[in-house]
Amino acid sequence: SLTDKLDGIFRKLKGRGSLDEENIQSALKEIRMALLEADVNFRVVRDFIEDIRKRAVGQEVFDSITPGQQVVKIVHDRLTELMGGVSSRLKFGSRFPAPIMLVGLQGCGKTTTAVKLARLVAAQGKRVYLVSADVYRPAAMEQLKVLGGKIGAGIFAAAGLQDPIEICVQAVEEARRNGYEVIVVDTAGRLAIDAQMMDELKRIKAQINPSEILFVADAMTGQDAVNVAGRFDEQLGIDGVIMTKMDGDARGGAALSLKAVIGKPIKFVGVGEKIEALEVFHPERMASRILG
Amino acid sequence: ILGSKEIDRALFEELEEALIVADVGPAFTGELIESLKEKVRRKELGSPEILRKVLRETMREILLKNEAPLKIPPDQIYTIMVVGVNGTGKTTTIGKLAHQLKGEGHEVMLVAADTFRAAAVEQLEAWAKRAEVPLIRQAPNADPAAVVYDALRSAKAGRPGVVIIDTAGRLHTKVNLMEELKKMRRIMGRELPGAPHEVLLVLDATTGQNAVVQARMFRDEIGVTGLILTKLDGTAKGGVVVRIARELNIPLRYIGVGEQVDDLRPFRAGEFVEALFA
Ligand SMILES: Nc1nc2c(ncn2[C@@H]2O[C@H](COP(=O)(O)OP(=O)(O)OP(=O)(O)O)[C@@H](O)[C@H]2O)c(=O)[nH]1
Ligand SMILES: Nc1nc2c(ncn2[C@@H]2O[C@H](COP(=O)(O)OP(=O)(O)OP(=O)(O)O)[C@@H](O)[C@H]2O)c(=O)[nH]1
Ligand SMILES: [Mg+2]
Ligand SMILES: [Mg+2]
């Protein structure tokens with residue numbers, strides 16, 4: 001484990017009263033390696049390591065724990081602090097129905113998460129409506145219909161409509177007419193560099209004025225996470241993140257990268273394919289997972 | 001990337017960053033950089049240009065060892081099982097592959113063995129229509145192995161050709177789901193000796209170091225004979241495939257470069273390395 005590696009480093013150096021530049025140096029190398037192995041972005045790691053160096057140097061070495069444990073604690077606490085501190089609650093605002101829009105790359109879990117979120121919101125006592133704006137992926141609307149049917153949510157029937165913007169506008173109207181309080185909008189997966197598809201999201205946003213735009217990110221995403229999320233945030237504006245497939249063994253370093261680059265909180269994590277498999281994000285658990 | 005004027009620390013840092021942000025992985029990047037430094041110490045590299053060239057060449061050679069297009073022998077039933085974690089692009093890739101193989105003159109049949117996920121069969125059905133190939137399917141929630149069994153019976157009764165089996169996405173950490181794939185393999189082997197002739201693992205290029213874990217687990221648990229890397233039309237470089245080539249020796253078959261039926265290309269080591277450094 002990381003603590004064992006760091007203990008090994010500190011054991012080689014003669015016992016000193018405090019953590020100094022020299023004994024911190026090798027420790028920081030190990031920590032940097034662990035973070036990069038965990039898929040934390042290169043530059044985010046660089047800045048983070050520098051931050052830890054400043055915090056660790058000059059700290060007294062405590063008797064009750066090893067210097068290795070002490071450094072890991074500094075790192076763990078800082079990771080927790082960076083990724084946490086913000087409420088995981090959804091903003092519904094004063095809109096009626098409150099539109100929650102899910103966006104992200106292809107295959108990250110938006111459609112499944114849309115229904116998970118709808119179930120969560122329904123459990124809070126609100127009437128939830130679902131709509132798929134995905135006219136591209138074969139059977140995407142059928143997928144949302146089948147999943148949504150399991151929780152008895154209202155689902156917009158797009159019938160012959162082919163324009164995603166029109167579908168969203170009509171769905172919001174239908175939701176309003178029928179007294180739904182929240183509408184969860186599932187959008188098609190798209191590349192952040194696809195200008196036309198990003199423009200489509202901007203137009204949907206302009207028409208339905210979402211109370212939340214949530215970026216859905218796969219826990220196994222690598223270094224590219226910052227490029228993608230950065231572009232989505234610049235062009236569209238992201239209010240929060242949902243990290244999916246956290247039931248796997250990916251270390252999930254993208255969680256730190258996302259928070260560092262776009263500054264928006266991870267609100268929920270997907271932990272399985274079942275509709276119940278959505279949990280609130282716990283930064284301290286994520287910190288331990290990233291450190292391995 | 002900014003060019004350094006001489007072989008100095010800045011050059012090595014620049015190359016280290018380029019490799020790591022391409023998802024080549026920090027440990028393997030360290031090895032590549034260290035071997036370049038060793039060559040510099042032995043005066044084998046005269047300039048930054050030569051150094052960059054040697055790095056590209058080293059990576060290309062690692063990949064070239066594993067570059068191996070799919071060779072389907074004629075006049076037999078050739079079965080391809082497509083596996084991988086959730087959302088990597090298996091179903092879409094099967095549609096593309098069916099279209100490509102049909103264009104190459106093969107008889108192709110698709111098998112909807114993802115009986116679990118909502119609308120998975122409908123999705124594959126749409127692709128079968130697009131590629132103009134037949135599809136074998138059963139009722140929702142049927143036993144996937146039973147669908148495969150039926151498909152093989154049906155294939156054996158017909159003309160030789162390629163049978164491509166779509167399986168449900170599954171995390172390699174889910175023991176019972178990996179067992180389900182093993183069972184599918186056994187049933188295939190019993191029904192048709194030699195089956196599955198190809199087990200294609202579909203990996204998403206946006207995945208980080210976990211891709212190596214996925215590849216290792218799928219290979220160890222059910223055997224993998226080929227790899228397809230999808231979503232290379234995005235900004236992710238898929239550098240993990242260099243590690244996979246080096247550490248696991250799995251043949252690199254195709255890359256996915258989009259969502260349309262002809263967005264499938266053979267894996268080419270040279271092109272891949274060029275794109276990585278672009
Ligand atoms: N294990 C696991 N699988 C998940 C999770 N969330 C989604 N999935 C699976 O991931 C796959 C992709 O999910 P989708 O909901 O279709 O993803 P999407 O983002 O809507 O895909 P596109 O619409 O094509 O962009 C499916 O097999 C889901 O069952 C999760 O938290 N854990
Ligand atoms: N941009 C891009 N998108 C792709 C590519 N391959 C697949 N996709 C998209 O990725 C998403 C998921 O594709 P699927 O074929 O459903 O993936 P899957 O592995 O079968 O998913 P599960 O069966 O749920 O595990 C879809 O939106 C596809 O259109 C590719 O090469 N490039
Ligand atoms: Mg979807
Ligand atoms: Mg599929």
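These figures come from a predicted structure and were not determined experimentally. First the proteins, then the strands, lettered A, B, ... as listed; each starts at 1.
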Indicate yes or no: at least one non-hydrogen side-chain atom of [X] is less than 4.5 angstrom from one of [Y].
X: A/L105; Y: B/K231; result: no
X: A/R43; Y: B/E17; result: yes
X: A/D218; Y: B/T206; result: no
X: B/T235; Y: A/R231; result: yes

Contact summary for [X] and [Y], nearest pair of heavy atoms:
X: B/P26; Y: A/E37; answer: CG-OE2, 3.5 Å
X: B/A118; Y: A/L147; answer: CB-CG, 3.9 Å
X: A/P138; Y: B/Q123; answer: O-CG, 3.5 Å

Any idea which of [options] has the most non-hydrogen atom pairs under 4.5 angstrom with chain A?
options: B/A126, B/A120, B/G234; value: B/G234
options: B/G87, B/G30, B/G239; value: B/G87
options: B/A211, B/G25, B/G95, B/A27; value: B/A27

At a 4.5 Å cut-off on heavy atoms, which part of [X] comes close to chain B: side chain, backbone, both, or neither?
X: A/E142; answer: both
X: A/L144; answer: neither
X: A/V228; answer: side chain
X: A/D247; answer: both
X: A/L36; answer: both

Exercise for the section: State whether the side chain of A/D39 and the backbone N or O of B/Q209 hold a donor-acceptor pair below 3.5 Å, judged by distance alone. Expected result: yes
Practice task
Ignoring hydrogens and angles, tell me if any N or O in the side chain of B/D23 forms a donor-acceptor pair with the backbone of A/Q223 under 3.5 Å.
Solution key: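 Confirmed, B/D23 side chain pairs with A/Q223 backbone.
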Are more than 12 heavy atoms from other residues, nucleotides or ligands located less than 6.0 Å from atom [atom1] of [X]?
X: B/K182; atom1: NZ; value: yes
X: A/K202; atom1: NZ; value: yes
X: B/R265; atom1: CZ; value: no

Exercise for the section: Sort B/V21 into side chain, backbone, both or neither according to what part of it lies under 4.5 angstrom from a heavy atom of chain A. Expected result: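 Interface part for B/V21: both.
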Problem - Contacting region of B/V85 [heavy-atom separation from chain A under 4.5 Å] - result: side chain
Exercise for the section: May I ask you to decide whether A/D224 forms a salt bridge with B/K237, counting only side-chain N to carboxylate O separations under 4.0 Å? Expected result: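 So A/D224 does not pair with B/K237 through a salt bridge.
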From [X] [atom1] over to [Y] [atom2], what is the distance, rounded to the nearest 0.5 angstrom?
X: B/T88; Y: A/M220; atom1: OG1; atom2: CE; value: 7.0 Å
X: B/L171; Y: A/M246; atom1: CG; atom2: CE; value: 12.0 Å
X: A/L191; Y: B/D233; atom1: CG; atom2: CG; value: 5.0 Å
X: B/K174; Y: A/D249; atom1: NZ; atom2: CG; value: 11.0 Å

Handout entry: Any donor-acceptor N or O pair under 3.5 Å, side chains A/Q106, B/E259
Key = yes
Handout entry: Heavy-atom pair count under 4.5 Å with chain B, highest-scoring of A/C108, A/A38, A/G253, A/A250
Key = A/A250
Problem - Leading residue by heavy atom contact count with chain B [cutoff under 4.5 Å; candidates A/R137, A/R32, A/R251] - result: A/R137
